[in-house]
Every structure is written in structure tokens, then in C-alpha cells.
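To keep things clear, I will list the structure first and then write my remarks on it.
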Amino acid sequence: MERLKIAIQKSGRLTEDSQNLFTECSIEIQDGKRQLLAPSPNFPIDLLYLRDDDIPQYIEDGIADVGILGENIYVESGASLRIAKRLGFAKCRLSLAVQRSEKYSGADFFQGKRIATTYPNIVKKYLAEKGISAEIHQISGSVEIAPNIGLADAICDIVSTGSTLMSNGLKEVETVMYSEALMVANQNLSAEKEQILQKLLFRIAAVETAKKNKYILLNAPNESISEICSILPGMKSPTILPLAKEGWSSLHSVVNEEVFWEVIDQLKEKGAQGILVVPIEKMIL
Ligand code: ATP
Ligand code: MG
């Protein structure tokens with residue numbers, strides 16, 4: 001029986017969320033502190049712990065089958081892989097920033113300037129699309145200090161809150177791309193590996209759906225049950241059970257959490273009492 005090799009970041013911002021993705025799907029995993037390749041004892045996957053920069057190449061070469069990495073790293077690598085799923089964590093943006101004292105009136109500013117970045121390919125493509133030619137200096141870390149030490153006029157780097165830029169006297173002036181964690185896969189997986197991937201994606205979807213929904217239980221007088229059902233959309237077929245108390249029923253259903261907060265006052269107005277909202281662990285539609 002084949003096993004799916006999944007590359008994840010060994011140690012960094014993506015590691016914990018990547019590992020949680022498996023454990024929430026009831027897939028037991030081992031961490032990568034002592035071993036590079038960690039088989040799961042209860043699901044046919046092996047985790048391969050790597051530096052995030054190495055993940056695209058490993059998958060393209062078929063050493064790993066699937067990987068979890070930032071969109072920024074995937075796009076920069078130019079590797080031709082398939083995006084199996086957008087995972088929604090590690091959200092950030094890649095932005096151009098200049099010294100705060102600079103007058104900035106538009107992207108033409110970068111004409112003939114020196115830009116320091118870890119993402120030369122993304123920056124080159126962005127500037128080419130705008131018809132701007134600039135000098136790109138590829139550096140591997142601490143990009144934000146480049147303008148202060150006279151190495152560059154501007155930088156292109158990852159931003160989430162902007163506090164790193166601020167503390168280095170820089171201001172963000174253009175967003176080059178938005179990024180989130182992706183699950184990517186080799187284009188030519190064997191049928192058996194593809195089947196394992198689909199099984200994994202099915203579990204991830206069930207966990208995702210469950211997070212968005214809650215199980216709701218409430219008590220209400222019989223005469224308002226039908227109105228309560230119409231207030232709570234998405235309740236195709238609530239379960240209604242008679243209470244021991246004459247003229248009252250208990251209503252059970254699944255609702256979107258956001259909807260629940262919007263209609264809570266209306267529910268109480270209709271006489272709903274003892275409202276319980278409980279988390280759902282897995283949900284298959
Ligand atoms: P490695 O040692 O594996 O090469 P790294 O130092 O290159 O790690 P990290 O800083 O751990 O990378 O970031 C990993 C990814 O997390 C980035 O490529 C990006 O997609 C995302 N990321 C980085 N910074 C932030 C942030 N401030 N907020 C949200 N996501 C971020
Ligand atoms: Mg890296």
C-alpha cells in the first residue's frame with residue numbers, strides 16, 4: 001500500500017497550524033524534532049519536515065507528493081504544482097516599502113531604484129507589468145534594515161501588521177500580492193496517492209464545515225415553534241421533542257454561528273428559553 005508524503009515546515013510560522021490540520025482530522029502525527037520523515041500510525045501519510053523554501057522543489061521532483069507552504073513561497077519558486085486547497089491561515093501580504101521621509105506619489109517612484117527583497121521573481125514580474133525597471137538586490141534575511149544601511153532605496157517584504165516596517169522607519173506604499181497557506185500537490189500523483197489526498201481533503205472539509213456551524217438546543221412554547229424555525233434559516237428539518245412541561249417543546253438543530261448571533265434577540269422575544277449552543281467536531285453534508 002502506497003503512502004502519501006506530505007512536506008510541512010520544520011520550524012516556523014506555518015508549523016503549528018499545519019500540524020493542527022492533521023490532528024483535527026483525527027490523524028495522529030509525530031513531530032519533526034528528531035526525525036525528518038515521520039509516519040502517521042493511523043493514516044497512510046508520512047510527514048516530511050523541511051525548510052519552507054525547499055518544499056516546492058521537493059514536490060516538483062517527486063520526493064514529496066504534497067506540501068503545505070505560503071503562497072508567497074509557491075509563487076516565487078515558479079514550480080508547476082497543483083493547488084489542492086487554500087488553507088486560510090498564515091495570511092499576510094507582500095508589499096513594497098520606502099523610507100518614511102520619502103515623498104511617494106506612485107509606482108513610478110521605483111524607476112531606476114534599488115529594491116532589496118527575498119522575492120526577486122515576484123518583484124520583477126510586478127515591476128515588468130507596470131513597465132518599471134529597477135535594480136533588484138536579493139537578500140535572504142533582515143530585508144527591512146536594507147534602506148537604513150544604504151543597501152537599497154526600497155524593500156519588498158512580508159507584512160502583516162506593519163509594526164516591523166514602522167520600527168525601521170519605513171512605510172508601506174504598494175501591495176504586490178496577498179498570501180495564505182496552501183496545500184499544493186505534484187501534478188502526476190499515482191491513482192493510489194490521489195485517493196489518499198482526496199480522503200484527507202474530505203476530512204479537512206468536514207472539520208472546516210463543523211467550525212462554521214453550531215448545534216443549538218432551545219425550549220419554546222409550542223405556539224412559537226414554527227416562527228422560531230423561520231427565524232433560524234438553514235434549519236431544514238429541526239428535531240422537535242415535547243417537554244414534560246405541558247405546551248412546551250425542545251428544538252434541536254444546526255445553525256451557522258453568525259446567524260445565531262444576529263437573531264438571538266428575536267428568539268428570546270418569541271419565548272425561547274434555555275438556549276444551548278454547542279460546538280460540532282465533524283460535519284458531513
Ligand atoms: P524556514 O526556516 O522554514 O525557511 P522562514 O523563516 O523562511 O522559515 P517563517 O517566518 O516561518 O519562514 O514564515 C513562513 C511563512 O509564513 C511565510 O512564507 C509566509 O507565508 C507566512 N508569514 C510570514 N510572516 C507572517 C506574518 N507576520 N503573518 C502571517 N503570516 C506570515
Ligand atoms: Mg524560508
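This structure is a prediction, so every number in the text was calculated from the model and none was measured. Whatever order the structure lists them in is the order used to number ligands and atoms, beginning at 1.
Protein residues with a heavy atom under 4.0 Å from ligand 1 are Gln9, Gly12, Arg13, Leu14, Arg51, Asp52, Asp53, Gly70, Asn72, Ile73, Ala90, Lys91, Cys92, Ile158, Ser160.
Ionic pairing of Glu129 and Lys125 is present here: one or more N-O contacts between side-chain nitrogen and carboxylate oxygen are shorter than 4.0 angstrom. Comment: Asp153 engages Arg114 in a salt bridge, judged by a side-chain N to carboxylate O separation of less than 4.0 angstrom. With respect to the salt-bridge test (charged N to carboxylate O, under 4.0 angstrom), the residues Lys171 and Glu102 do not qualify.
A donor-acceptor contact closer than 3.5 angstrom links the side chains of Ser133 and Gln111.
With sequence neighbours excluded, the residues that form a side-chain hydrogen bond (donor to acceptor under 3.5 Å, both in side chains) with Tyr104 are Glu174. Lys245 meets the salt bridge (Lys or Arg N to Asp or Glu O under 4.0 Å) test with no other residue; sequence neighbours excluded.
The set of protein atoms (N, O or S) found at less than 2.8 Å from the Mg ion (ligand 2) reads Asp52 OD1, Asp53 OD1, by chain and number.
For the atom pair CE of Met183 and CG of Leu81, the computed distance is 13.0 Å after rounding to the nearest 0.5 Å. The CD1 atom of Ile115 sits 11.0 Å away from atom NZ of Lys124, with the distance rounded to the nearest 0.5 Å.
Evaluated for a side chain to side chain contact (heavy atoms under 4.5 Å, CB included) with Tyr119, the options Val176, Val75, Ile158 yield exactly one hit, Ile158.
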